[in-house]
Amino acid sequence: MSFPLLTVVAVVPAAGAIATAALPAAKRTAAKWLALLVSLVTFALALVVAFRFDPGSKSPYQFTESHAWISDFGVRYELGVDGIAVALIALTTLLIPFIILAGWHDADPLEEATPNRRWRPTQGFFALILAVEAMVVISFEATDVFVFYIFFEAMLIPMYFLIGGFGDRAGGDGEDEAASRRSYAAVKFLLYNLAGGLIMLAAVIGLYAVTADQLGSGTFSLQQIVEARAAGRLNIGTGTERLLFLGFFFAFAVKAPLWPLHTWLPGAMGESTAPVAVLITAVVDKVGTFAMLRYCLQLFPQASSWATPAILVLALIGVLYGALLAVAQRDIKRLIAYASISHFGFIILGIFAMTSQGQGGATLYMVNHGISTAALMLVAGFLISRRGSRLIADYGGVQKVAPILAGTFLVGGLATLSLPGLAPFISEFLVLVGTFSRHPVIGAIATLGIVLAALYVLVLYQRTMTGPVKSEVSGMPDLRVRELVVVAPLIALLLFLGVYPKPLTDLVNPAVDHTLSVVDKKDPKPTVQVDAVPGGGRHGHAVHDQDVEAAK
């Protein structure tokens, strides 16, 4: 295309961030409406990309843009999207308007300004959200490794300020104690992700050196590297490829987050406002799992196969570890954070199952987890803002005084435990089927995560929403109009995609097939049950295709 549609999708929120931050301090309401308008325009542009995208195209990337940038170092401004990227861009741009609406009052100045309680710049809060959106979108669009790396790292800065500067106000501690916790969570988030990024930078430089040595000129272009490998013009040594793979994977595993690199997430989500917590786990963290599919598998196919057993074990531990710690939580937001760690374990399990069902399910899981976690966390945020506490024990009987709030909380929770009929179910089912077909033991053990999810979700609902009405919640108001506008569309999407996931599967399956072809993996051939073979002695056991032919 001559029109740079992908660039526009990323530039609009970036320009909106600058315009919002530039508004005078007294224009708080104008800043909110401007940020919301920009996010809606960005979503409309993402829909244009989605509807004009052709899943049947033979080209791996569409709407491509390529311009010289730093020619001396082989860096080009290259963008392009496959079905997976389109789905995640749509998810990101869909959630940002709801995040803005849900956080409408989160950065309002405190009623009283004292030396221990500071004013909160509303314009900065919404500008930072739009800045994160722009950087996440271009990370999904980039097909140049260096361009991707820049925005992969740059998004840490606005996230740091959103966590540390606009944290959760719930809790009985004073402002100083709360600020200290927020600062600790923000610094931990930044240090973990910067460490991963620095290791990745070394791998990015190493990749450039390898291409310069074998191709005559260094390049960061994903397509050029993949095509050169397929044509035999680029042969990365086994040891070198494994080291480069580990450098990329480590950064993505921190971002995802994968056990044991996950420890920054519960603190970051717990100390953030609910909308920022959604931004972290439903938007930013998806860049890590997306990058595993786009960069780890396609740039380093042999190393990906070599590392698969270890990664599957780590993902399995993440599934069970996250679920077990979610069961033990007393803090609502930290429970949802540990549940997300378990879900990301499922996503990574599906990616490295190296089957079409597993990777297709993992991609759907990224989208559906984003919607379900947003619904649950935002309703939890509305609940916490009313009571002023994140502790589960401080609630009880909420469904009797706020039935709509309780009902939406229940639907979000049921989606989180992957109830059939809601969107995450088909994702989890495909991940488990795809994993079991190649790694049956790991697939079987991973099903325990479903049982544990039912436990922590239903216990959470029982303790907060049912039972006698506690005096502290007896006057709790139900969801207001603005809050219903936030939650209702997410619930509707969970129901729609739960019964009709075909639009998403048609979008992502060609991209999954392309990734598997680059890695040179095919789905395992199914076996059949033979009860009797005429003239032979095989009865009641699984046989392969050649056995079936012999039976015929």
For the atom pair CZ (F140) and OG1 (T93), what is the distance rounded to the nearest 0.5 Å? 10.0 Å
How about F73: does its CZ atom have over 12 heavy atoms from other parts shown lying under 6.0 Å from it? no
Y61 side-chain N/O to E141 backbone N/O, donor-acceptor pair under 3.5 Å: no
Least distance between heavy atoms, K333 atom then A274 atom: NZ-N, 4.0 Å
Take I426 and T505, measure what side-chain contact (heavy atoms from CB on, under 4.5 Å) needs, and give me the verdict at the end. CA-CA 10 Å; I426 187 62; T505 56; 5.9 Å; no
Using the side-chain contact (heavy atoms from CB on, under 4.5 Å) rule, take L6 and Q62 through it: C-alpha gap first, then chi angles, then the decisive distance, then the call. CA-CA 10 Å; L6 297 185; Q62 298 179 39; over 6 Å; no
So F245 and F249, would you call those rings parallel, tilted or perpendicular, with 30° and 60° as cut-offs? parallel
Using only heavy-atom distances, determine whether the side chains of S340 and T281 contain a donor-acceptor pair under 3.5 Å. yes
How many angstroms lie between atom OG1 of T363 and atom CD1 of I351, to the nearest 0.5 angstrom? 7.0 Å
Is it the case that Q302 and R229 place a side-chain donor and acceptor less than 3.5 Å from each other? yes
Shortest non-hydrogen contact between A253 and L261, atoms and distance: CB-CD1, 3.8 Å
Could you measure the distance from the CZ atom of F344 to the OH atom of Y365? Nearest 0.5 Å is fine. 10.0 Å
Can you tell me how far CG of L312 sits from CD1 of I317, rounded to the nearest 0.5 angstrom? 11.5 Å
Ignoring hydrogens, what is the shortest heavy-atom contact between M159 and I280? Give both atom names and the distance. CE-CG1, 3.3 Å
Check residues 489-500 and write down every donor-acceptor pair under 3.5 Å in which the side-chain atom is one partner and the other belongs to a residue at least two apart or another chain.
none

With side-chain contact (heavy atoms from CB on, under 4.5 Å) as the criterion, how do R294 and L222 come out once you've worked through the C-alpha distance, each side chain's angles and the decisive distance to 0.1 Å? CA-CA 9 Å; R294 173 167 282 191; L222 174 66; 3.6 Å; yes
Y321 and H262 aromatic centres sub-6.0 Å: yes
Between Y456 and T416, a side-chain donor and acceptor under 3.5 Å: no
Test side-chain contact (heavy atoms from CB on, under 4.5 Å) on L297 and V518 and set out the steps. CA-CA 8 Å; L297 268 59; V518 172; over 6 Å; no
How long is the straight-line distance from CE of M354 back to NE2 of H439, given to the nearest 0.5 Å? 8.0 Å
Taking the side chain from T447 and the backbone from A444, do they hold a donor-acceptor pair closer than 3.5 Å? yes
Going by heavy atoms in the side chains, are L130 and I100 under 4.5 Å from each other? yes
Heavy-atom closest pair (C296 atom, F248 atom, distance to 0.1 Å) is SG-CB, 4.1 Å
What I want to check is whether the side chains of Y77 and T7 have a donor and an acceptor closer together than 3.5 Å. yes
Between F220 and F148, is the ring centroid distance below 6.0 Å? no
Would the number of heavy atoms belonging to other residues, nucleotides or ligands and lying under 6.0 Å from CZ of F146 be above 12? no
